[in-house]
Participant: 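This is the structure I want to talk about, given as structure tokens.
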Amino acid sequence: MSEDIRTENIENENSETVSRNFIENIIDKDLEEGTYKKIVTRFPPEPNGYLHIGHAKSILLNYGLACEYNGQFNLRFDDTNPTKEKEEFVDSIIKDVEWLGADFRGEVLYASNYFDQMYEAAIKLINKGKAYVDDLSAEEIREYRGTLKEPGKNSPYRDRSIEENLQLFTDMKDGKFEDGSKVLRAKIDMASPNINMRDPVIYRIARMTHHNTGDKWCIYPMYDFAHPIEDAIEGVTHSICTLEFEDHRPLYNWVVEELEYPHPPKQIEFSKLYLTNVVTGKRYIKKLVEDGVVDGWDDPRLVSLAALRRRGFTPSSLKKFMELAGVSKSQSSCDYAMLEYCIREDLKPVAPRYMGVLRPLKLVIDNYPEGQTEEFEIENNQDDENAGTRKITFSRELYVEQDDFMEEPPKKYFRLFPGNEVRLKGAYFVKCTGCEKDENGNVTVVHATYDPETRSGSGFEGRKVKGTIHWVNAADALDAEVRLYENLIDEEKGKLNEDGTLNFNPNSLEVIEHAKLEKASSELKPGDHVQFIRNGYFCVDTKDTTDEHKVFNRVVGLKSSYKPAN
């Protein structure tokens, strides 16, 4: 492994081992050698869609480096392609970056604000004999470019004079030519082994209304030309991007060198974040949305940041996930279970623990006085002594989970069955005496008796029971909708079908319309988290919840298949 991409372990002044990734090593060296005095990083999204979890890695990496080196972090929109860009996407991206806690000082930057400077930069290249106007069509340019095995050949328009190129480029700007009829190309090397350096197009004619500049321009810069200029104008020191831009780095360097910026930025590439069993491709998500398979870009089964936020993931859980994923040049994928581990660890110490019965079955305690109600005090969170307690009500009729009763149980089944005794969490011991069924043989009611001597907190030290189950008082239970999620796709069965469509999991969403939740759940507001004992962590849905109808999304179950490395 080369010197500049390894992770190093160094000792700080307190003799603690600190791990440094390869980007930090590069920055340390640049500061030590005086290449830069202040570190400036940026997150430069194109506003053509919603951000996903992979973008979160870039945001948190760039912002984290700016914080680590007491530098500056910019949020800049690379809005050079108005055909796909919308204000809707601009607004959603700003919201996502703010949600992650990346402080861009409230100043949103736009590449389009630099269009005048980019135009002047193109003029400078023409005057240096480093750019020319080409009349070849897009198809002809591709043919002239050559292949990975064969060099390209020069355009017949490559040797136009500087004066002619200046006039033609001015006429392009003034709208005197049809869209696609001419382009401005950098004059580099048509025989370069790097195809990106074979006279790339840097400006094209396109009569499109821009979301920021309106109809001021009918020519627009290409991304590979615009991006290094944007970085240089803003004083970005380290332009950190993903590995697919590695082959574009020579062009990035060529642009800033030819334009003679005094402190040119340095491009550094790192590996993308790949996550198993999810969909991040905009084309696939767009199809799922259009076909009504998901209910929008914020459907909780997706991993757009809007979807993760709605599902109930937290910024701190994503930060923890990115720390575990690490920063490297090696492409790899992360198990979705690792992301679940992070949100579980984040919510465990803070989420209140309520009782909620997802698939309710009526339990009638026959020897409990009719019309009587009593209260029990129960902890809000056993992992937090300061979380306090709350009171829950208890009466003759309760709800328990359907799978907490079996008429003919297997061995080692310690819940309700005729003749067996269990503890109702925080309340009494009850002994099952039988059940009622409907005409189809389905159990509709379970009957039991309770032992008043076994009241929780009474100090009862008599017989022991092996099973404890949760319950909800039928008299004041909240009737709510609960949504349970599974992976949208199963990569073990293949991500794509033979026809190229997604291998969609039809069981990715289960809607339970009449779950019974303890009374305290009615006080939770959209976005609030709660653990329903034995059923997992949930979040009140921010989109479909109303005052009359609460909707809970399961964020994650309680059990994890992921074990963090020591």
Participant: Using a cut-off of 6.0 Å, state whether more than 12 heavy atoms not belonging to E178 lie near its atom CD.
Facilitator: no

Participant: If you measure from CG on L339 to OG1 on T276, what distance do you get to the nearest 0.5 Å?
Facilitator: 9.5 Å

Participant: Would you call R310 and D295 a salt bridge, taking side-chain N to carboxylate O under 4.0 Å as the test?
Facilitator: yes

Participant: Under a 4.0 Å threshold between the charged nitrogen and the carboxylate oxygen, would K182 count as salt-bridged to D134?
Facilitator: no

Participant: Hey, is D116 close enough to K216 for a salt bridge, meaning N to O under 4.0 Å?
Facilitator: yes

Participant: Please name the pair of heavy atoms, one in R554 and one in R311, separated by the smallest distance, quoted to 0.1 Å.
Facilitator: O-NE, 3.0 Å

Participant: Assess, by modelled atom type and distance only, whether the side chains of H238 and D30 contain a donor and an acceptor separated by less than 3.5 Å.
Facilitator: yes

Participant: Which is it for D189 and R198 under the salt bridge (Lys or Arg N to Asp or Glu O under 4.0 Å) test, yes or no, and what are the steps along the way?
Facilitator: CA-CA 5 Å; D189 181 5; R198 295 180 186 176; over 6 Å; no

Participant: Does the side chain of Y223 pick up a donor-acceptor pair with the side chain of H227 at under 3.5 Å?
Facilitator: yes

Participant: Does N212 form a side-chain hydrogen bond (donor to acceptor under 3.5 Å, both in side chains) with N113? I'd like the steps, not just the answer.
Facilitator: CA-CA 8 Å; N212 187 30; N113 287 342; 3.0 Å; yes

Participant: Would F77 and Y110 count as a ring-ring contact (aromatic ring centres under 6.0 Å, His included) if you check the C-alpha gap in whole Å, the side-chain angles of each, and the deciding distance to 0.1 Å?
Facilitator: CA-CA 5 Å; F77 287 98; Y110 295 89; 5.4 Å; yes

Participant: Looking at K286 and E290, is any side-chain nitrogen of the basic one under 4.0 Å from a carboxylate oxygen of the acidic one?
Facilitator: yes

Participant: Using the side-chain contact (heavy atoms from CB on, under 4.5 Å) rule, take L305 and H52 through it: C-alpha gap first, then chi angles, then the decisive distance, then the call.
Facilitator: CA-CA 5 Å; L305 295 187; H52 57 66; 5.9 Å; no

Participant: Show your working on side-chain contact (heavy atoms from CB on, under 4.5 Å) between L125 and F225 and close with a plain yes or no.
Facilitator: CA-CA 11 Å; L125 291 180; F225 177 66; 3.7 Å; yes

Participant: Would you compute the distance between atom CG of L136 and atom CD of E143 and round it to the nearest 0.5 angstrom?
Facilitator: 9.5 Å

Participant: Would you say the side-chain atoms of E234 and N74 include a donor-acceptor pair closer than 3.5 Å?
Facilitator: yes

Participant: What pair of heavy atoms forms the shortest contact from D103 to F73, and how long is it?
Facilitator: O-CD2, 3.7 Å

Participant: How about N194 and S192: does a side-chain donor come under 3.5 Å of a side-chain acceptor?
Facilitator: no

Participant: Assess the residue pair R76 and D231 against the criterion (salt bridge (Lys or Arg N to Asp or Glu O under 4.0 Å)); give the C-alpha distance rounded to whole Å, side-chain angles, the decisive distance to 0.1 Å, and a yes or no.
Facilitator: CA-CA 10 Å; R76 179 185 71 235; D231 286 344; 2.8 Å; yes

Participant: Scan side-chain atoms only and decide if S155 and R185 contain a donor-acceptor pair under the 3.5 Å cut-off.
Facilitator: no

Participant: Between K329 and E269, does any side-chain N to carboxylate O distance fall below 4.0 Å?
Facilitator: yes

Participant: So, are E345 and K320 salt-bridged, with charged N and O less than 4.0 Å apart?
Facilitator: no

Participant: If you measure only the distance, is there a donor-acceptor pair under 3.5 Å linking the side chains of N165 and Q167?
Facilitator: no

Participant: Taking R483 first and then E510, would you say they form a salt bridge - that is, a charged N and a carboxylate O separated by under 4.0 Å?
Facilitator: no

Participant: Determine the interplanar angle of the Y119 and F169 rings, folded into 0 to 90°, and report it as parallel if under 30°, tilted if 30 to 60°, perpendicular if over 60°.
Facilitator: parallel

Participant: Determine whether the side chains of Y69 and E24 contain a donor N or O and an acceptor N or O closer than 3.5 Å.
Facilitator: no

Participant: Quick one: CG on L184 to CD1 on I126, what's the gap to the nearest 0.5 Å?
Facilitator: 5.0 Å

Participant: Return yes when atom CD of E139 has more than 12 non-hydrogen atoms of other residues, nucleotides or ligands closer than 6.0 Å, and no otherwise.
Facilitator: no

Participant: Is any side-chain N of the basic residue among R309 and D96 closer than 4.0 Å to the acidic one's carboxylate O?
Facilitator: yes

Participant: Specify whether W217 and F115 have parallel, tilted or perpendicular ring planes, treating 30° as the upper limit for parallel and 60° as the lower limit for perpendicular.
Facilitator: perpendicular

Participant: Is it true that R160 and D135 have a side-chain N and a carboxylate O under 4.0 angstrom from each other?
Facilitator: yes

Participant: In terms of side-chain geometry, is the basic nitrogen of E68 or R20 positioned less than 4.0 Å from the acidic oxygen of its partner?
Facilitator: yes

Participant: Give the minimum heavy-atom separation between I229 and A121, together with the two atoms involved.
Facilitator: CD1-CB, 3.8 Å

Participant: Are side-chain heavy atoms of P200 and L251 found at a separation under 4.5 Å?
Facilitator: yes

Participant: Checking side-chain polar atoms at under 3.5 Å, does D224 have a donor or acceptor matched by the opposite partner on N196?
Facilitator: no

Participant: Does a side chain donor of either T242 or E244 reach within less than 3.5 Å of an acceptor in the other side chain?
Facilitator: yes

Participant: Indicate yes or no: does E323 engage K57 in a salt bridge with an N to O separation below 4.0 Å.
Facilitator: no

Participant: Let's go through L488 and N505 carefully: what are the C-alpha distance in whole Å and the side-chain angles of both, what is the deciding distance for side-chain contact (heavy atoms from CB on, under 4.5 Å) to 0.1 Å, and is it a yes or a no?
Facilitator: CA-CA 5 Å; L488 197 59; N505 174 14; 6.0 Å; no

Participant: What's the verdict on side-chain contact (heavy atoms from CB on, under 4.5 Å) for I27 and I39, showing C-alpha distance, side-chain angles and the deciding distance?
Facilitator: CA-CA 8 Å; I27 295 176; I39 300 304; 3.7 Å; yes

Participant: With no hydrogens and no angle check, do the side chains of N70 and K38 hold a donor and an acceptor under 3.5 Å apart?
Facilitator: no

Participant: Could you tell me if N553 and Y537 have a donor-acceptor pair between their side chains, going purely by distance under 3.5 Å?
Facilitator: no

Participant: Considering non-hydrogen atoms only, spot the tightest contact between Y50 and S92 and give its length.
Facilitator: CE2-CB, 3.6 Å

Participant: To the nearest 0.5 Å, what is the distance between OG (S112) and CD (E230)?
Facilitator: 9.0 Å

Participant: Rounded to the nearest 0.5 Å, how far apart are CD1 of I268 and CD1 of I23?
Facilitator: 6.0 Å

Participant: Look at D299 together with R301 and state whether they make a salt bridge at an N to O cut-off of under 4.0 Å.
Facilitator: yes

Participant: Determine whether the side chains of Y132 and D159 contain a donor N or O and an acceptor N or O closer than 3.5 Å.
Facilitator: no

